[in-house]
Amino acid sequence: MRKEILLVVFIFTVSGMYAGDKVVSEENREMGSNPVNIDVTSKFEKLPINLQDIAEVEYIPLETNDEFVIDGSVDYIDDEIIICKNFTDGNIFIFNRKGKALRRINHKGQGPEEYTSIYQLIYDKPGKELYVNNFLARRILVYDLSGNFKRSFRCIKNAYYTQVECFSKDYLLCHMDDYSDYSNNPVVLISKKDGSFIKDIIIPFKKKMSLSFNIGDQYITAGSTPIIKSGDGFLLNALSSDTIYRLSKDLSKIPVITRSPSIDKMDVPVFLQTTLETKRYVFLTSIKKEFDLKTNKGYPSVDLIMDKSNNKTFKQEIYNTDYTDGKVREITMSYTNAEQIFTTIKAFRLKEDYKNKKLQGKLKEIAAKINEDDNPVVMILKFN
């Protein structure tokens, strides 16, 4: 039996981004008109930044009761609701924007209107539809916010969707796994109505590259986020390409960042991925394809930040002034909607920092009121 090791690389902001208004869209076009090159072998200088200087920071404790116990993740936030999922029991929780529990949905099962597991939740706010990416079953199931089943459809070409995003009123943007029939061109548009194939999103490259290792009977890989929201479009992080493109709603692709040396020319590949874009900064990470089976450690990464005002790239050094020591705790930013990015802070960790007098301000006030076994506190960042 093949053993599998999944190593998720820590990145300050992993899976989402949004810039937010017309000014940002203009900046994006400027950056795209003259792609910025980043040498991944450089020794980058550090750029110290206080989180509160570049973003509005909000903390929301999620209500805990016998029916609302979260062991998974927060997947969606807007000005009205917060949607969470559990990895184990199939529960989907809906809270209001203040963290009050509103509704629990669970359709885990083997039936035609049920999912066997939840890999990803996608909420289409204009359409008021909740999409469940049932990864292993290669199905997408669609419900309304009351939990009523609406429809389902299969993935195309026996593919597994590793990421699904709402692209427009009618289409979803999907990234497929390395072993699908579309592995050389894994980004496609599909219909929201029935999942049918609409269009390939072609990203040119010279040689197929992957973060995965096959060493004996062991399969080793690291996490990456191939599709990142940016303004009204998306950034496409293709591992095999030397270029990061911006995909607009008219399906045009604009090169915004190039990397050197070329990925296919490196003896030990170093991949470059965008993780977040704000009005002024682009957050990135470089991931080296290296793994030591003896220590079970690998994929060393460097978190970077590019200042769009001068196109200079630095090593990230982010501080959170709500902690007395200023450090950003090892928490991973989650999926973003069209206005903000967010993460969760485990209650027991927050309580521990409170007891050790490491908190101040609003975060200290919240930590004083919660219990160690409560639901997590949501941290929301809205960038200036």
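The backbone N or O of Ser196 sits nowhere less than 3.5 Å from a side-chain atom of Ser191 that would complete a donor-acceptor pair. One N or O on the side chain of Lys249 and one on the backbone of Phe167 form a donor-acceptor pair closer than 3.5 Å. In this structure, the side chain of Arg139 does not engage the main chain of Val132 through any donor-acceptor pair within 3.5 Å. Under the 3.5 Å distance criterion, the side-chain polar atoms of Glu317 are left unmatched by any main-chain donor or acceptor of Leu47. Side chain of Arg280 to backbone of Ser309: no donor-acceptor contact under 3.5 angstrom is found. Looking only at distances, no side-chain donor or acceptor of Ser146 sits under 3.5 Å from a matching main-chain atom of Asn148. Remark: side-chain polar atoms of Glu67 are not paired, donor with acceptor, to backbone N or O of Arg104 under 3.5 angstrom. In this structure, Lys362 contributes its side chain and Glu58 its backbone to no donor-acceptor pair below 3.5 Å. Between the Thr285 side chain and the Val302 main chain, a donor and an acceptor come within less than 3.5 Å of each other. Of the possible polar contacts, none joining the Ser248 side chain to the Gly233 backbone as a donor-acceptor pair under 3.5 Å is found.
Interatomic distance, Arg259 CZ to Gln273 CD, rounded to the nearest 0.5 Å: 10.0 Å. To the nearest 0.5 Å, the span separating NZ on Lys100 from CD on Glu63 amounts to 5.0 Å. To the nearest 0.5 Å, atoms CD1 (Ile345) and CG (Asp353) are separated by 9.0 Å. If you take CE on Met379 and CD1 on Ile341, they are separated by 8.5 Å, rounding to the nearest 0.5 Å. From Asn96, atom CG reaches atom CZ of Arg103 across 11.0 Å, with rounding to the nearest 0.5 Å. Rounding to the nearest 0.5 Å gives a distance of 8.5 Å between OG1 of Thr221 and NZ of Lys289.
Dense packing is recorded around NZ of Lys150, with more than 12 heavy atoms of other residues, nucleotides or ligands lying under 6.0 Å away. Atom NZ of Lys351 has more than 12 heavy atoms from other residues, nucleotides or ligands within 6.0 Å. Counting heavy-atom neighbours within 6.0 Å of Lys208 NZ, excluding the residue itself, gives a total above 12.
In the hydrophobic clustering, where aliphatic and aromatic side chains (Ile, Leu, Val, Met, Phe, Trp, Tyr) are joined below 4.5 Å either directly or transitively, Ile202 stands alone. Counting side-chain heavy-atom gaps under 4.5 Å among Ile, Leu, Val, Met, Phe, Trp and Tyr, Phe87 is found in no cluster with other residues. Under the 4.5 angstrom side-chain criterion for Ile, Leu, Val, Met, Phe, Trp and Tyr, the cluster partners of Leu136 are Tyr119, Phe135, Tyr160.
Electrostatic pairing of Asp75 and Lys85 counts as a salt bridge here, judged by a charged N lying under 4.0 Å from a carboxylate O. By the 4.0 Å N-to-carboxylate-O rule, Glu80 lies too far from Lys125 to be salt-bridged with it.
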Please test Glu277 against Lys308 for salt bridge (charged side-chain N to carboxylate O under 4.0 Å, His left out), starting from the C-alpha separation and ending with a verdict.
CA-CA 10 Å; Glu277 185 174 20; Lys308 293 196 289 185; 2.9 Å; yes

Steps toward side-chain hydrogen bond (donor to acceptor under 3.5 Å, both in side chains) verdict (Asn237, Ser224):
CA-CA 9 Å; Asn237 293 316; Ser224 66; over 6 Å; no

Kindly indicate, with the supporting measurements, whether the criterion side chain to side chain contact (heavy atoms under 4.5 Å, CB included) is fulfilled by Asp264 and Asp242.
CA-CA 9 Å; Asp264 64 299; Asp242 289 333; 4.3 Å; yes

Show your working on side-chain hydrogen bond (donor to acceptor under 3.5 Å, both in side chains) between Asp373 and Asn371 and close with a plain yes or no.
CA-CA 6 Å; Asp373 58 353; Asn371 298 315; 4.8 Å; no

Would you sort out whether Thr321 and Asn50 count as a side-chain hydrogen bond (donor to acceptor under 3.5 Å, both in side chains), showing the intermediate values?
CA-CA 7 Å; Thr321 59; Asn50 284 331; over 6 Å; no

Would Thr275 and Thr225 count as a side chain to side chain contact (heavy atoms under 4.5 Å, CB included) here? Give the steps.
CA-CA 8 Å; Thr275 59; Thr225 307; over 6 Å; no

Which is it for Tyr76 and Asp78 under the side-chain hydrogen bond (donor to acceptor under 3.5 Å, both in side chains) test, yes or no, and what are the steps along the way?
CA-CA 7 Å; Tyr76 178 86; Asp78 62 25; 2.9 Å; yes

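Proximity of Phe93 to Asn86: side-chain heavy atoms (C-beta onward) are separated by under 4.5 Å at one or more points. The shortest distance between side-chain heavy atoms of Leu173 and Leu247 falls below 4.5 Å. In this structure, Lys128 and Tyr123 have side chains that are in contact, with non-hydrogen atoms separated by less than 4.5 Å. Within the 4.5 Å cutoff, no side-chain heavy atoms of Tyr171 are placed close to those of Lys199. Residues Ile257 and Leu284 meet the side-chain proximity criterion, which asks for heavy atoms closer than 4.5 Å. Residues Asp170 and Lys192 form no side-chain contact, since every pair of their non-hydrogen atoms from C-beta on lies 4.5 Å or further apart. You'll find the side chain of Ile366 stays beyond 4.5 Å of the side chain of Leu359, heavy atoms only. Residues Phe342 and Ile60 form no side-chain contact, since every pair of their non-hydrogen atoms from C-beta on lies 4.5 Å or further apart.
Considering all non-hydrogen atoms of both residues, Thr41 and Pro261 come closest at CG2-CD, 3.8 Å. Val188 and Asn185 get closest at one heavy-atom pair: CG1-O, 4.4 Å. Among all heavy-atom pairs drawn from Val142 and Phe153, the shortest one is CG2-CE2, 4.2 Å. The two residues Gln120 and Val164 come nearest to each other via the heavy atoms NE2-O, 2.7 Å. Gly90 and Asn106 make their closest contact through C-ND2, 3.5 Å (heavy atoms, listed as atom of the first residue, atom of the second, distance). The two residues Leu211 and Gly223 make their nearest non-hydrogen contact at CD1-O, 4.4 Å.
Ring orientation note: the planes of Phe95 and Phe68 are nearly perpendicular, at an angle over 60° on the 30°/60° scale.
Hydrophobic cluster membership differs between Tyr319 and Tyr323, with clusters built from Ile, Leu, Val, Met, Phe, Trp and Tyr side chains linked at under 4.5 angstrom. Note on Phe205 and Ile203: separate hydrophobic clusters, where clusters join Ile, Leu, Val, Met, Phe, Trp and Tyr whose side-chain heavy atoms are under 4.5 Å apart, directly or indirectly. Both Leu235 and Val36 are assigned to one and the same hydrophobic cluster, defined by single-linkage of ILVMFWY side chains at heavy-atom distances under 4.5 Å.
For Asp250, the side chain to side chain donor-acceptor pair (under 3.5 Å) test picks out Ser252, with sequence neighbours left out. Shown here are the ring-ring contact (aromatic ring centres under 6.0 Å, His included) partners of Phe348, two or more places apart in sequence or in another chain: there are none. Listed by chain and number, the residues in a ring-ring contact (aromatic ring centres under 6.0 Å, His included) with Tyr115 amount to none (sequence neighbours excluded).
Under the 3.5 Å distance criterion, with hydrogens and angles disregarded, a donor-acceptor pair is assigned to the side chains of Gln52 and Asp322.
Relative to the six-membered ring of Phe383, Lys279 misses at least one condition, a distance below 6.0 Å or an angle of at most 45° to the axis.
Taking the six-membered ring for Trp and the full ring otherwise, the centers of Phe149 and His107 sit at least 6.0 Å from each other.
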